[in-house]
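Here's the structure, in structure tokens; my notes come after.
Note that ligands are numbered from 1 as they come in the structure, with each ligand's atoms numbered from 1 the same way. The figures here come from the full heavy-atom set of this structure, side chains too, leaving out hydrogens, waters and symmetry mates.
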Amino acid sequence: TDTDHEASGEEQSLRTPIVAVLGHVDHGKTSLLDRVRGSAVIEGEAGAITQHIGATAVPLETISEISGALVNPDDFDLPGLLFIDTPGHHSFSTLRARGGALADIAILVVDVNDGFQPQTLEAIDILKRTQTPFIVAANKVDTTPGWNPNENSPIQQSMEAQSDRAESRLNEALYEIIGQLSENDFSADMYWRVRDFQGNVGVVPVSAMTGEGVPDLLAVLMGLSQRYMKEAMAIDVTGPGAGTVLEVKDERGFGKTLDVVLYDGSVRTDDTIVVGGLNEPIVTQVRALLQPRPLAEIRTEKQFEKVPEVRAAAGVKIAAPDLDDAIAGAPVRVVRDQPVAEVVEEVQAELAGLEVETEEE
Ligand code: GDP
């Protein structure tokens, strides 16, 4: 109950679902992420999207502005979506969280003309194995012969506005993709026909070039998260943080730093943390938590600003001593009200799990 939480100092909150983008090379992963970020900047108030370290947060209000009638903010209590900036299934498969996938949900990008390609199949296998819910972005609909672009429009509206010929060419290509999904054991349909997103994969026709279908993509991600992930997103935001290292980087003035996606709890300056290392877990103390400065300030000031605390879900740069042996993909844990040795053991166990996983691949 709430009183129990208050008594123990807990603060229950719903965190942002973490979204990853996968797909075959050149099918448009980067362009689609850029488009989502771009739309959020254009539609939202200044500062509506926040650039994190390694990730971009798009708040519910901004999603609702981009998606218009497709997203009524009153229907949601999840705070938005956090997109991991590095697309590709390689990064996806090395980014784990307590043995599962770091991403709560994924977008599988498929070029609508090219259909399934080798890396699409690899991505499907990884999504299956990690049991990550996903939607398919059937990208580049604007390349359909005779296509008449409608910048940033919801896709059904745009499809209705096409010539019969263009519409049926696109539909053919889309059904090809639906067939390929079904050959890979995923029952799928156009997203607007899907009732049960747990048993069926929704296909969203989009163009990263024109923005058509982007309102739908965000609406479907948001809807799916709200419907099926709400319980998993309920966390104690003041609890000991847990995250995954995206990268280990040298940063002028800070030495080696960790770029981390935090998926649980919080991390504060001076916290003791345990990080997976080359030979053994590293126990160290947070010297600074760094986030990118807002765009407007970058030119005149330093690149990062220090913050006292970061709460999940978020991307953050952690500066701390002794990080030379830290490794990308490793777990990071905050030690709070728990013996250090216990946390070290947990991190060790998680690392052992990671190695087995890598050998299998
Ligand atoms: P990635 O390798 O999956 O990240 O693919 P990119 O985002 O780099 O895109 C590969 C190429 O496809 C680039 O030349 C993009 O400009 C182009 N592209 C991506 N999305 C679209 C789209 O929706 N329409 C068109 N016409 N071209 C696209």
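A donor-acceptor contact under 3.5 angstrom links the side chains of Q226 and D77, judged on distance only. For the residue pair R336 and T238, no side-chain donor N or O sits within less than 3.5 Å of a side-chain acceptor on the partner. Checking N113 against R169 by side-chain atom types alone, no donor-acceptor pair falls below 3.5 Å.
Here the options are V36, L60, V19, the test is side-chain contact (heavy atoms from CB on, under 4.5 Å), and the partner is L81; only V19 passes. The one candidate from V274, V283, I282 that meets the side-chain contact (heavy atoms from CB on, under 4.5 Å) condition with V347 is V274.
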Decide salt bridge (charged side-chain N to carboxylate O under 4.0 Å, His left out) for D185 and K128; before the verdict, give the C-alpha distance in whole Å, the side-chain angles of both, and the deciding distance to 0.1 Å. CA-CA 10 Å; D185 312 320; K128 248 189 218 171; 3.2 Å; yes
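Within 4.0 Å of ligand 1, protein heavy atoms belong to H24, V25, D26, H27, G28, K29, T30, S31, N139, K140, D142, T143, S207, A208, M209, listed by chain and number.
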